[in-house]
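Each ligand, and each atom within it, is numbered from 1 in the order the structure gives.
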Amino acid sequence: MRIEFPNPFASDGVWFKGNLHTHTKRSDGALEPHEVVKRYAEAGYDFLAITDHNKLTLIDEKESCEMLLIPGEEISVGVSEVGTEFHFVAIGIERQWEKPEGMLTKEISPSRLVKEIHSLGGVAILCHPYWSQLTVHDMLSFDGYIAIEIFNTSCHHSIGKGFSTTHWDDLLFRGRFVWGVAVDDAHYHFNEHRPVDICGAWVMVKCRQLTMKDVLEALQHGLFYSSTGPHFMNVHFEGEWVHVETSSVKTITFVSDNGKGERWTAVGKDEITEAHYKLRGGERFLRIECADREGNCAWTNPMRIIAE
Ligand SMILES: [Zn+2]
Ligand SMILES: [Zn+2]
């Protein structure tokens with residue numbers, strides 16, 4: 001048995017915290033771009049991608065608050081099985097994506113858009129599959145996106161459809177290895193029964209330097225984990241054993257194919273900070289998630305298990 005895992009805990013570099021999906025007043029967000037940047041900088045983020053709808057919002061270097069600002073855009077195209085649109089964030093693009101003249105967005109296939117994002121030098125992430133009501137057939141019908149949003153703060157607080165981990169497992173089970181990112185999709189929308197959708201979910205990327213090139217490469221290679229609170233400290237392997245160490249949490253779950261996998265729960269104690277899983281044989285993938293007492297979660301990227 002062989003485990004393929006781009007293990008960020010065993011790779012060189014430094015951890016950087018960032019959000020990859022953010023709106024401003026230039027589309028449907030409530031804050032000016034510099035106000036959004038300031039809030040993320042004050043919350044200790046290292047990088048931020050502003051991804052206004054169909055618009056590349058660029059921010060002056062002097063308003064970056066010393067964060068790395070990665071150019072981005074959210075683009076909606078195509079028609080899903082049930083008639084909804086596919087939303088993508090294009091991260092690291094050199095210029096704004098322009099809709100082909102004379103075409104309706106629904107006439108542009110997701111596959112075409114993903115190729116165009118690549119030609120603009122960016123990477124494509126498929127947004128909020130649960131909110132978009134996407135099926136596994138929708139997500140398998142084209143290729144080239146590096147990740148799906150497995151958690152989206154705005155979708156969570158607005159309509160309770162923040163988690164798309166079942167969509168992720170559907171893909172992984174079928175051998176489509178994409179990474180999972182947790183994002184805010186921040187609009188700075190809130191009311192008396194709805195918390196603000198900012199600084200709630202992020203990625204922790206491991207790379208050598210805080211440059212766009214290094215962060216994008218780490219994202220492409222899966223050298224990151226996602227969180228809404230807890231931390232992963234280490235993941236390592238010993239023969240058929242997978243060991244994980246976390247910050248204090250209530251549960252640590254090894255998620256795998258159908259009935260395989262295992263959950264560790266803090267039974268009879270306040271918290272746990274480690275868990276161990278022995279591969280049973282026959283697993284195709286394994287990923288680890290943990291949750292604290294408040295329900296905040298963290299997710300590693302998936303490992304591919306290859307029988308030999
Ligand atoms: Zn969207
Ligand atoms: Zn959005």
Quiz item: Can you find a side-chain donor-acceptor pair between N19 and T22 that sits under 3.5 Å?
Solution: yes
Quiz item: Tell me, which N, O or S atom in H87 is closest to the Zn ion (ligand 1)?
Solution: ND1
Quiz prompt | Between N152 and Y130, a side-chain donor and acceptor under 3.5 Å | solution = no
Quiz item: Hey, what's the angle at the Zn ion (ligand 2) spanning NE2 (H23) and OD1 (D185), nearest 10 degrees?
Solution: 90°
Quiz item: Is any N, O or S atom of H128 under 2.8 Å away from the Zn ion (ligand 1)?
Solution: yes
Practice problem: With the Zn ion (ligand 2) at the centre, find the angle made by NE2 from H21 and OE1 from E74, to 10°. | Solution: 80°
Quiz item: Do S119 and K115 have a side chain donor and acceptor closer than 3.5 Å?
Solution: no
Quiz item: Do T57 and D52 have a side chain donor and acceptor closer than 3.5 Å?
Solution: yes
